[in-house]
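The block underneath contains the structure these notes are about, expressed in structure tokens.
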Amino acid sequence: MSSNSQGGRPTAVASDHAGFDLKGIIKKHLEARNVEVMDLGPHSDESVDYPDFARKLTECILNGGAGRGILVCGTGLGMSMSANRYRGIRAALCHDHFTASVARRHNDSNVLVLGGRVLGSELAIDILDAWLDTHFEGGRHRRRIDKMEEPGT
Ligand code: RB5
């Protein structure tokens, strides 16, 4: 199906301490858009390790508990590196509207990654909206995405 439909499943959010504040802003924005949110933590800005939260969120998507997810750390790098180690996860680290939109249209990204120490909140929300509102085009892009899942990759 060429869409960004989540089949009624919630959108998961998670961060580390450096992404905690932006996670809160994202969560409020999703709720204002009537998107069902699953907050996988952390629930305070105490220091934590980003791979632990990338794992929580990707496992939640892979086991069907969430349809898509948003990860936030300081730069977005650690979260994207961690999340993309899980087969079936296509985590897109985005710093602008265009990349977020193409991440959906061409890459069928199921995880958006943002840098809490890099982006102002207005830009982060603009990127988030572009990612949420853009549909996967399918076609030749489906073939390429399927190749990412081939054994040995
Ligand atoms: C935490 O200090 C920081 O390293 C982390 O949030 C992230 O930027 C890692 O990629």
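Both ligands and their constituent atoms are indexed starting at 1 by order of listing.
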Write down the atom of Val72, the atom of Gly19, and the distance for their closest heavy-atom approach.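 Heavy atoms only, the tightest pair is CG1-CA, 3.6 Å.
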For Arg105 and Thr134: C-alpha separation, side-chain torsions, deciding distance, then whether side chain to side chain donor-acceptor pair (under 3.5 Å) applies. CA-CA 6 Å; Arg105 277 195 280 125; Thr134 307; 5.9 Å; no
What is the nearest protein non-hydrogen atom to [atom], stated with its residue, atom name and distance?
{"atom": "atom 9 (C) of ligand 1", "result": "Tyr50 CE2, 3.4 Å"}
{"atom": "atom 8 (O) of ligand 1", "result": "Thr75 N, 2.9 Å"}
{"atom": "atom 2 (O) of ligand 1", "result": "Arg117 NH1, 3.4 Å"}
{"atom": "atom 10 (O) of ligand 1", "result": "Gly78 N, 2.8 Å"}
{"atom": "atom 6 (O) of ligand 1", "result": "Asp16 OD2, 2.6 Å"}

What atoms of ligand 1 come closer than 4.0 angstrom to any heavy atom of Gly74?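 Numbered from 1, ligand 1 contributes 5 (C), 6 (O), 7 (C), 8 (O).
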Give the atoms of ligand 1, by number and element, whose distance to some non-hydrogen atom of Ala18 is under 4.0 Å.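 This gives 6 (O) as the contact atoms.
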Side chains of Val111 and Ile70 in contact at under 4.5 Å (non-hydrogen atoms):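 When only atoms from C-beta onward are counted, Ile70 and Val111 do not touch, as no gap falls below 4.5 Å.
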Trace of the side chain to side chain donor-acceptor pair (under 3.5 Å) decision for His17 with Asp45: CA-CA 5 Å; His17 50 286; Asp45 63 0; over 6 Å; no
Under 3.5 Å, is there a donor-acceptor pair linking the side chains of Asp129 and His97?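 Their side chains do not contain a donor-acceptor pair, so the 3.5 Å distance test is not met.
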Taking a cutoff of less than 4.0 Å between a non-hydrogen atom of the residue and any ligand atom, is His17 in contact with ligand 1?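 Right, His17 reaches ligand 1.
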Could you check whether any heavy atom of Met81 sits closer than 4.0 Å to an atom of ligand 1, since that is the contact criterion I want to use?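 The answer is no, since Met81 has no heavy atom less than 4.0 Å from ligand 1.
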Using a strict threshold of under 4.0 Å (side-chain N to carboxylate O), is an ion pair present between Arg33 and Asp133?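 Salt bridge present between Asp133 and Arg33.
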Can a salt bridge be assigned to the pair Asp108 and Arg104 using a cut-off of 4.0 Å between side-chain N and carboxylate O?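 So Asp108 pairs with Arg104 through a salt bridge.
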